[in-house]
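What follows is a single structure, written as structure tokens, with notes after it.
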Amino acid sequence: MPLIVQKFGGTSVGTLDRIRGAALRALATQRAGNDVVVIVSAMSGETNRLLKLAHDVVAMPDARELDALAATGEQVSAALMALAIQAAGGRARSFLGHQLKILTDSAFTKARIKAIDASRVTDTVKDGTIVVVAGFQGVDEDGNITTLGRGGSDTSAVAVAAAIGADACEIFTDVDGVYTADPNVCPSARKIERISYEEMLELASLGAKVLQIRSVEVAMKYGVPVHVRSSFSEASGTWVVGEDASFESVVVTGVASDKGEARVMLVGVDDRPGMVAEIFGALADENIGVDMIIQNASVDPGGAEGPAAARGAKTDVTFTVTKTDLPRAKVVMDRIAASVGASGLRYDESVAKVSVVGLGMRSHAGVAARMFRLLAGAGINIQAISTSEIKVSCLVAADRAEDAVRTLHDGFGLGAPARP
Ligand code: ADP
Ligand code: ASP
Ligand code: MG
């Protein structure tokens, strides 16, 4: 019998009526001849509420206790979903992460799944029971409750689908699929029918939170077909699948933006061998990831013979880190500023990274140039740039982010064709 995993996000289980609606959908899928496993998120707003409680008790909560607390959101919705299925005449049993043995590492608040005991799920669905799994949570080797990072129920769903060899993993959310840009920001955004894992991975990592990045990594690794669709309609959504030749004909597939980074600038550092190694080595030692990096051309006073550094040549180094890591990055910068000769440190949290993504960039030149022209045309200043094989990202002022998304989206011709 085909095996379908259905994940319902926060909005899709946000009220008892919506939980009842999701339960009916799972039952309809079962009656259509499938075995069904349901993964639930916490009711919308609940995870934020729980995390705020912890932060109201203490400014820097212990990560283990934070996970023990945050995981309760999904415990509530899993039990309610099982009850709703039973109330509608079906059979259902809920399971928490530790009951299913969703084994993770011990990186509290951002744990990675290491293994899932699939037999518990496959044995339970055999007699027509719908298995309801609390998303977002797992258990480590020592029995501690862990969580998988914000948006982690997507990853629970795809990982369970991979472990039990499901035929598809449906992600029910509050939009009809993956769009060419966030439909809540860009009114002309269009639904994408099919997107490759690779493009979805880039879009997710560049700010399109419709799927958690980790979920796309797992889907790609195990070849799980993912169907992102609306829990409020029957319409087909977006299939996230393996790449085929047709994908490369589209140069730009989507636009994303991310306000989660901050810009750090070291002014007037010594332009000598080993300077950037010292800066980024110190950040790496503290486990602080760096995204965009720019080193300006050196200002060389000239004159004396010998290497530029000996003449006192200076340069500026700019980079971005996540806002969450910024406080720790500041501590590192304060520590090393003197030894790299920096005359100043500047920080800016009012920035956003806007990116265009498309597999076709591999074979089409000129995307970056067109992006810069479009932003210039809208009077949007570019503060930093980074590129990879299938994406170009620009750092802009945060208050121009939405403008930049719409400008790029329509400028690259992604908008819905105008109605006659
Ligand atoms: P859920 O609670 O169901 O997991 P999320 O809020 O995590 O839902 O993700 C859905 C949201 O993702 C949408 O409401 C939309 O604002 C946002 N989003 C960002 N980029 C995109 C995109 N390219 N396509 C669709 N949705 C997007
Ligand atoms: N409830 C968790 C969160 O809000 C996990 C999820 O919804 O995917 O991040
Ligand atoms: Mg989500």
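Bear in mind that the values here come from a model prediction, so they are computed numbers and not experimental data. In each ligand, atom 1 is the first atom listed, and ligand 1 is the first ligand listed. When reading the values below, keep in mind they use all heavy atoms of this one structure, side chains included, and skip hydrogens, waters and symmetry mates. In this chain, residues are counted from 1 in sequence order.
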**OP:** Please could you name the atoms of ligand 1 that N184 approaches to less than 4.0 Å, counting only its heavy atoms?
**Re:** 14 (O), 15 (C), 16 (O)

Original post:
Against heavy atoms of V178, which atoms of ligand 1 measure under 4.0 Å?
Top reply: 24 (N)

Original post:
R335 versus E286: any side-chain heavy-atom pair under 4.5 Å?
Top reply: yes

Original post:
Is there a side-chain contact between L283 and M333 (heavy atoms, below 4.5 Å)?
Top reply: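 Yes, close enough: below the 4.5 Å cut-off.
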
Original post:
Can you find an N or O of Y179 that's nearer than 3.5 Å to an N or O of ligand 1?
Top reply: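 There is such a contact, yes.
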
**OP:** Please confirm whether S41 comes within less than 3.5 Å of ligand 1 when only nitrogen or oxygen atoms on both sides are compared.
**Re:**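 No; the residue has no nitrogen or oxygen that sits under 3.5 Å from a nitrogen or oxygen of the ligand.
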
**OP:** May I ask whether E74 places a heavy atom under 4.0 Å from ligand 2?
**Re:**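 Under 4.0 Å: yes for E74.
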
**OP:** Determine, using heavy atoms of G9 and all atoms of ligand 2, whether some pair is separated by less than 4.0 Å.
**Re:** no

Report yes or no: does a heavy atom of [X] sit under 4.0 Å from some atom of ligand 1?
X	value
A181	yes
K7	yes
P183	yes
G177	yes

Original post:
Which residue holds the protein heavy atom closest to atom 14 (O) of ligand 1, what is that atom called, and what is the gap in Å?
Top reply: D174 OD1, 2.9 Å

Original post:
Which ligand 2 atoms, with their elements, are less than 4.0 angstrom from a heavy-atom of S41?
Top reply: 6 (C), 7 (O), 8 (O)

**OP:** Under 4.0 Å from a heavy atom of R150: give me the atoms of ligand 2 that qualify, with their elements.
**Re:** 3 (C), 4 (O), 9 (O)

Original post:
Would you say G10 and ligand 2 have an N/O pair spaced under 3.5 Å apart?
Top reply: no

